[in-house]
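A quick write-up on the structure given underneath.
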There are 2 protein chains.
Amino acid sequence: MVDDEAQISRALAVNLKARGYEVDVAGSGEKALDIAARVHPDAVILDLGLPGMDGTDVVRGLRGWSSVPIIVLSVRDSERDKVAALDAGADDYVTKPFGMDELLARLRAAVRRATPASEEAIVATDHFEVDLAAKKIQKAGEDLRLTPTEWHLVEVLVRNRGKLVSQRQLLQEVWGPKYEEETNYLRVFMAQIRRKLEPDPARPRYFITEPGMGYRFIPD
Amino acid sequence: MVDDEAQISRALAVNLKARGYEVDVAGSGEKALDIAARVHPDAVILDLGLPGMDGTDVVRGLRGWSSVPIIVLSVRDSERDKVAALDAGADDYVTKPFGMDELLARLRAAVRRATPASEEAIVATDHFEVDLAAKKIQKAGEDLRLTPTEWHLVEVLVRNRGKLVSQRQLLQEVWGPKYEEETNYLRVFMAQIRRKLEPDPARPRYFITEPGMGYRFIPD
DNA sequence: GGCGGTCCTAACGCGTTCTTAACGCCTCGG
DNA sequence: CCGAGGCGTTAAGAACGCGTTAGGACCGCC
């Protein structure tokens with residue numbers, strides 16, 4: 001949730017939490033982009049009346065790397081504003097004042113839409129098994145623990161199985177937009193991941209390096 | 001479009017067609033379900049003020065087999081109605097009267113969302129297969145590795161398949177604006193690419209040189 | 001306050017990739 | 001018939017990227 005007015009965000013946050021949502025609140029656009037890059041929210045509720053950064057720029061900033069549903073809140077009811085926000089990439093535009101039930105319904109609609117019905121949650125290879133939904137990995141029948149960063153990296157690669165994921169994208173998704181140059185991190189963590197998952201870490205079979213480009217997860 | 005009032009539907013339909021949309025108009029819910037099943041629309045605009053069948057039932061009827069984006073129009077502004085429609089599976093709810101520009105923006109947002117970003121991007125020839133999305137090349141059933149620069153060059157040519165791509169453009173896209181004169185690079189890398197992909201590298205069949213101008217990729 | 005776990009950082013050696021230059025061939029125009 | 005320019009080919013050195021390792025910073029927990 002992105003809002004600088006403590007009152008509204010407080011009320012909304014309480015309401016959302018009561019319904020079982022986890023809520024992070026950002027007080028500015030910059031903060032919002034920062035947090036979003038770290039926690040990967042399932043949806044974003046964005047108040048346009050922010051000081052500093054323009055609301056539509058926040059939308060564009062998010063859309064640069066994420067397709068997370070964005071619901072825009074605003075006191076401004078003009079068509080111009082609505083069209084601008086929606087065309088910038090927002091999913092919905094709600095004018096204040098609004099009813100809580102309506103917002104919640106629109107949130108449900110947005111989240112529902114964003115969740116593709118058919119997503120294979122379990123990916124198995126001959127040597128291990130990744131459960132994306134449960135965030136668990138099994139190897140040789142045993143549960144295997146990954147650190148949060150390791151898991152995040154594995155998750156991105158497995159979600160894009162078969163596809164080459166660029167270094168930029170990995171860094172951006174796992175560490176945030178400011179870390180796009182830190183290819184060092186990738187090397188360190190890929191080594192750890194391979195040590196835990198690959199049958200022969202020195203000669204990777206599943207987590208393949210494409211020199212100069214990125215990494216690729218290949219199931220059997 | 002589902003609407004029984006000829007006036008509104010007429011105005012909307014004209015507007016949509018003027019913007020290049022193809023429009024089918026259904027005057028009742030039953031008709032709407034019927035037409036939708038036949039033509040598989042890219043989006044549905046549904047007026048709730050229909051005689052006969054209830055609007056939310058139309059939504060449910062569509063959702064039974066389709067995930068087409070549904071935008072609901074209604075004169076009723078109560079939260080109850082909005083929540084009901086959205087929870088039935090509608091994607092958006094617009095209260096009449098509304099601005100045409102807003103509706104069009106919401107329509108664009110809905111359609112954009114429904115179109116998965118990842119389109120199948122595989123270009124195949126008799127001798128190899130280029131997957132632009134996964135950044136992968138298969139030749140004789142085997143995965144083939146290209147270096148970053150090689151791949152970049154192939155990518156530009158394949159994206160412009162059939163078309164002549166000038167040396168300037170290739171150099172600029174792959175090496176940057178400062179390298180527009182370095183036609184040497186092109187010769188070196190085209191040779192490498194041909195060695196990896198062409199059935200007879202000395203007599204190129206897919207990556208054709210247009211002397212003095214540039215190169216061209218020709219699929220079968 | 002100590003401890004375990006996690007992440008960041010820097011440095012090294014190695015293999016790959018890019019750059020650069022040179023040479024011969026072909027085509028085309030004079 | 002000759003010369004020039006463009007192209008393909010090759011090879012070698014330079015530059016870069018990768019995997020690996022280890023030490024130190026940071027954080028939450030006991």
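A, B, ... follow the sequence lines: proteins, then strands. Residue 1 opens every chain.
- Nucleic acid contact for B/Thr209: sugar-phosphate only, since backbone atoms but no base atoms lie under 4.0 Å from a heavy atom of the residue.
- Taking atom CE of B/Met190 as the reference point, atom C1' of D/dG6 lies 15 Å away to the nearest angstrom.
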Could you run down the sub-3.5 Å N/O contacts of the protein with nucleotides 4-10 of chain C?
unit_1, atom_1, unit_2, atom_2, d
C/dT6, OP1, A/Arg145, NH2, 2.1
C/dC7, OP1, A/Thr149, N, 2.9
C/dC7, OP1, A/Thr149, OG1, 2.4
C/dC7, OP2, A/Thr147, OG1, 2.6
C/dC7, O5', A/Thr149, OG1, 3.4
C/dC8, OP2, A/Trp175, NE1, 3.0
C/dT9, OP2, A/Tyr185, OH, 2.3

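- In this structure, B/Arg195 atom CZ and D/dC7 atom C1' are separated by 14 Å, rounded to whole Å.
- As rounded to whole Å, 13 Å separates atom P of D/dG17 from atom CZ of A/Arg168.
- B/Lys82 NZ to B/Ser74 OG: the interatomic distance, rounded to the nearest 0.5 Å, is 9.0 Å.
- Nearest nucleotide to the side chain of B/Gln167, out of D/dC7, D/dT9, D/dG19: D/dC7.
- Atom CD in B/Glu181 sits about 14 Å away from atom P in C/dT20, given to the nearest Å.
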- line: 5' to 3', nucleotides 24-30 of chain C under a 4.0 Å protein heavy-atom cut-off (B base, S sugar-phosphate only, - none) gives -------
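- The interatomic distance linking B/Leu171 (CG) with C/dC18 (C1') rounds to 14 Å, in whole Å.
- Note: NE2 (B/His152) to P (C/dT17) measures 17 Å, nearest angstrom.
- Rounding to the nearest 0.5 Å places CD of B/Glu79 at 9.0 Å from CE of A/Met100.
- Listed pair A/Arg194 / D/dG19 meets the phosphate criterion, a side-chain N or O lying under 4.0 Å from OP1 or OP2.
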